[in-house]
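Worksheet for the structure shown next.
For reference, positions follow the sequence shown, starting with 1.
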Amino acid sequence: MKENIPVLLLKKLTILPSQEVRIELNNELSKKVIDISTIEFSNKVLIVLPSNTLEESPTLTDLPKSGVLTLINSKIVLPNNNYRVVLKGLNRVKINNYRSYPNDKGVLLGNAKMLYIDNGETLEETALRKKLVSLVNTYIKINPEIDNSIISKISNCPSLGEVTDIIVTFLRLSKDKKIYYMNEFDDVLRAKSLIKEINIELEIFKLDGKIEKEIKEQFAREQKEFVIKQKISKLNEELGINSSKDDETVSLREKIDNFDAPIKVKDKLLQELQKYEYTPASSPEVSMIRTYIETLLSLPYNLMSSEETNKDKIRKELDKTHYGLEEVKGRIIDYAILKKHNPELDNPIICLVGAPGIGKTSIARTIASALRREFTKISLGGLNDSSELIGHRRTYLGAAPGKIISSVIKCKTSNPVILLDEVDKLVKDYKGDPASVLLDILDNKQNKEFTDSYIEEAFDLSKCLFILTANDAKEIPSVLRDRLEIIYLPSYSIYEKKDIAVNYLLPTVCNKYNVKIEINEDVILDIIKYYTMESGVRELGRLLDKIVRYLVINKVKEITESDLEIILGNKLYVNEEKANNVGEVNIIGVTPFGGSVLKVQAAYNNYSPISITGNVGEKLKNAVNVCLAYLDSEGAIDLKKKGIYLNFSGSDFMIDGASGSAGIVTSILSLVNDKQIASDIAVLGNIDLYGNVLKVSKLKEKIITAYNAGIRTVYLPQSNIDDEKDLPLFILKEMALIHVNNYSEIKKYLFKKK
């Protein structure tokens, strides 16, 4: 017999013929399968277990070719809209194929074929059935956990298959074994496998009895040893000899009594102390129990730093160590003011995103100092084991609390500032998913009862201020990124770097070597221009350190531009005023390490309509196609007559994105019109098929990068005009920012006839 039956996929439940199970369904697809079955298929459902139970959305190839045909005995719709369904197993079936239900592509139908044919019981099957009944009878006598009713059920069964199915439902078997018995059609094979399983269990029970006897004997010896030790202890008391362990127990009990913690935690400590008392001093468990008690006692349950809420004092502290970063400083000051009005205010989860050297880590340390909180840093770069964050269970050798609880213990306060550094470099593999663990740690609704695997008792992390850092927001796991308040830190202009060097970096270096040295601002500008090419100031700090060391060792009081090559070597970056070739245009991109000026070069191509070279991604390739379609619609190019070759250069990272589209169009038109575009011009904007110039992201980063590279004219989208309010005033004065809505406006500026 063959028929098509709706398929219900179960991952955590097995069902056998003649077995009745009750399940609750909250999945909409599963509920739909039940509804279709009751309406169109006489309450029949085909139960199938996917081969890979970890797969969220299994394909048809992942589904097995066997299952169990079941009957829906009852269906109840619960108040929460879940279904409570009672299923009765009927038969094992072979499934020839799967196909989608005609009226709903999400529902599967399985073409099921019955294989069971009753030709009477063979002698072998009769012998196996009797053997199974006998073994189960023996098994029940020595295992009181098994229900006696199984005997009456299997004794009255005429079929070996039914006997095996009933036994499987009663035995406590692993899921994999139950799946095997569910999918195995051969009654004899199932029976032989069960005989083997029960015999193994019988042997284990015999061995358990032997072990239990040995344990009782050992316990009796230990009891005797304990009584003797107690007597010795009493004799030592009479003689004035004190036991060190007894002293420790008294000391620990005193600490527990004075420990300010929830009742549940104190009860746990008293239980562990009692265990410590009764454990022999020679046992290796003694040190483990003591370490656990001391760790739990070191948790600062109700200890908090007195927080600074005066906005002027916080601003002064933040400005003392960091230049700029106004958005971060403003957010912290806002938080402090609001916290003063509502002490129960949830702490923000701030993520600072920017290039290396911008000051993400150091500003987090200063925030802690400004708020008068303790500070600790946890590096997440390359972390792949979630146990590093939440600890290991005490059953493991060398178990310890995770980094979060360890950091809180180190700070000795329950409201520290915890820096989670480089969250974009988390690794997910077979050891776990640290990003998922961070959700529980960071979420203010969940971390009030954070439980470390080692501590095993809840601790409130909601008072902690978590600050995260990352170089690239795109690399932060999406489930985590959604919960973060992301603040982008843009690159510094050369004049901002000069101010940071004069007011922050140089005084810090001079204090380090206990000297007082001043360096001319023009010299510092030369260092920035010719020896650094970074978004932050980390390399600049190293160069200033090298210069101060040279001046101190050689007893030189001041330095000029000509001395730089003696100290720092030949210039690394020389901004030569080199004219662009025809077809060459500046575009600006942003990498995880800051902004970068890129070149797009166009040339004619005689062997292909379009060729693209450079380290480019799919988004940029798509953008090129849109640019070509726009130019073709304008009649500016004809790729059938002559192809275009585009080359992208200027970055060690993959160039991917559409914000350089306007520059690509300009490069091709420069080639077509045989006109050079000045090297101090850059073109920004995403082009659509109609030539509209669309808004780009991270404008401040791109404009500062252009300014530092000597570019003084930038064509950019009109829709980005509101983003310019964040730009430094001197950049707005020195640069020509030309706003356009459509590329035709750029064309008029750059390709107007003489």
query = Under the 3.5 angstrom rule, does the side chain of Asp482 hit a backbone N or O of Ser478 as a donor-acceptor pair?
reply = no
message = Between Arg712 and Asp680, does any NZ, NE, NH1 or NH2 come within less than 4.0 Å of an OD or OE carboxylate oxygen?
response = no
Residue list, salt bridge (Lys or Arg N to Asp or Glu O under 4.0 Å) with Glu317, at least two apart or on another chain = Lys320
request  = Go through the steps to decide whether Lys642 and Asn606 satisfy the test side-chain hydrogen bond (donor to acceptor under 3.5 Å, both in side chains), and finish with yes or no.
outcome  = CA-CA 6 Å; Lys642 193 173 286 188; Asn606 294 321; 5.6 Å; no
request  = Taking all non-hydrogen atoms of both residues into account, name the closest pair between Val714 and Ile711 and its distance.
outcome  = CG2-CG2, 4.1 Å
message = To check you understand the geometry: which heavy-atom pair defines the closest contact between Leu442 and Leu468, and what is its length?
response = CD1-CD2, 4.1 Å
message = I'd like to know if the side chain of Asn347 reaches the main chain of Cys464, judged simply by a donor and an acceptor atom lying under 3.5 Å from each other, with no hydrogens or angles considered.
response = yes
query = Can we say Glu745 and Lys748 salt-bridge, meaning some charged N sits less than 4.0 Å from an Asp/Glu carboxylate O?
reply = no
query = So, for Leu465 and Pro348, which heavy atoms are closest and what is the spacing to 0.1 Å?
reply = CD1-O, 3.5 Å
inquiry  = I need the Asn686 CG to Leu694 CG distance, nearest 0.5 Å.
reply    = 5.0 Å
remark   = Of all heavy-atom pairs linking Ala662 and Tyr743, the shortest is O-CE1, 3.6 Å
inquiry  = How about CD on Glu518, more than 12 heavy atoms from neighbouring residues, nucleotides or ligands closer than 6.0 Å, or not?
reply    = no
request  = Could you walk me through whether Ile441 and Leu420 pass side chain to side chain contact (heavy atoms under 4.5 Å, CB included), step by step?
outcome  = CA-CA 11 Å; Ile441 294 170; Leu420 301 175; 5.5 Å; no
ask   = Between Ala501 and Leu540, what is the shortest heavy-atom contact and its length?
value = CB-CD2, 4.0 Å
ask   = Under 3.5 Å, is there a donor-acceptor pair linking the side chains of Asp499 and Asn503?
value = no
ask   = Can you name the residues that form a salt bridge (Lys or Arg N to Asp or Glu O under 4.0 Å) with Lys546, not counting sequence neighbours?
value = none
query = Hey, what do you get for OG1 (Thr508) to CG (Leu544), rounding to the nearest 0.5 Å?
reply = 10.0 Å
task = Could you tell me whether the side chain of Ser670 and the main chain of Lys675 form a donor-acceptor pair under 3.5 Å?
result = yes
message = Would you say Tyr715 and Thr666 are linked by a side-chain donor-acceptor pair, where the criterion is simply a distance under 3.5 Å?
response = no
query = Is any NZ, NE, NH1 or NH2 atom of the basic residue among Asp421 and Lys360 found under 4.0 Å from an Asp or Glu carboxylate oxygen of the other?
reply = no
key: ring-ring contact (aromatic ring centres under 6.0 Å, His included) pairs, two or more places apart, involving residues 612-649   = none
query = Donor-acceptor pair, Asp424 side chain versus Ala473 backbone, under 3.5 Å?
reply = no
Side-chain heavy-atom pair Leu525, Ile527 within 4.5 angstrom cut-off = no
request  = Please answer whether the main-chain N or O of Tyr690 pairs with a side-chain N or O of Asn742 as donor and acceptor at a distance below 3.5 Å.
outcome  = yes
Considering all heavy atoms, the nearest Pro717-Gly685 contact = CG-CA, 3.9 Å
key: From Ile378 atom CD1 to Glu388 atom CD, the distance as rounded to the nearest 0.5 Å   = 10.5 Å
ask   = When you look at Thr469 and Leu419, which way does the side chain to side chain contact (heavy atoms under 4.5 Å, CB included) test go after all the steps?
value = CA-CA 8 Å; Thr469 69; Leu419 174 65; 3.5 Å; yes
message = Tell me whether Asn720 contacts the main-chain N or O of Val696 through its side chain, where contact means a donor paired with an acceptor under 3.5 Å.
response = yes
key: Candidate pair Ile612 and Val624, rule side chain to side chain contact (heavy atoms under 4.5 Å, CB included), full reasoning   = CA-CA 9 Å; Ile612 303 172; Val624 169; 3.8 Å; yes
ask   = In Å and rounded to the nearest 0.5 Å, what is the CG to CG distance from Asp632 to Asn625?
value = 12.0 Å
query = Do the side-chain N and O atoms of Gln601 and Asn647 include a donor-acceptor pair separated by under 3.5 angstrom?
reply = yes
query = How many angstroms lie between OG1 in Thr376 and CD1 in Ile404, if you round to the nearest 0.5 Å?
reply = 9.0 Å
query = How many angstroms lie between CD1 in Ile704 and CG in Leu727, if you round to the nearest 0.5 Å?
reply = 6.5 Å
ask   = Are Glu724 and Lys700 within salt-bridge range, i.e. N to O under 4.0 Å?
value = no
ask   = Among side-chain atoms of Lys599 and Asn586, is any donor-acceptor pair under 3.5 angstrom?
value = yes
query = With distance as the sole criterion, is a donor-acceptor pair present between the side chains of Ser697 and Lys702 under 3.5 Å?
reply = no
ask   = In this structure, are over 12 heavy atoms from other groups packed under 6.0 Å from Tyr749 atom OH?
value = no
message = I'd like to know if the side chain of Asn605 and the backbone of Gly643 have a donor-acceptor N/O pair within less than 3.5 Å.
response = no
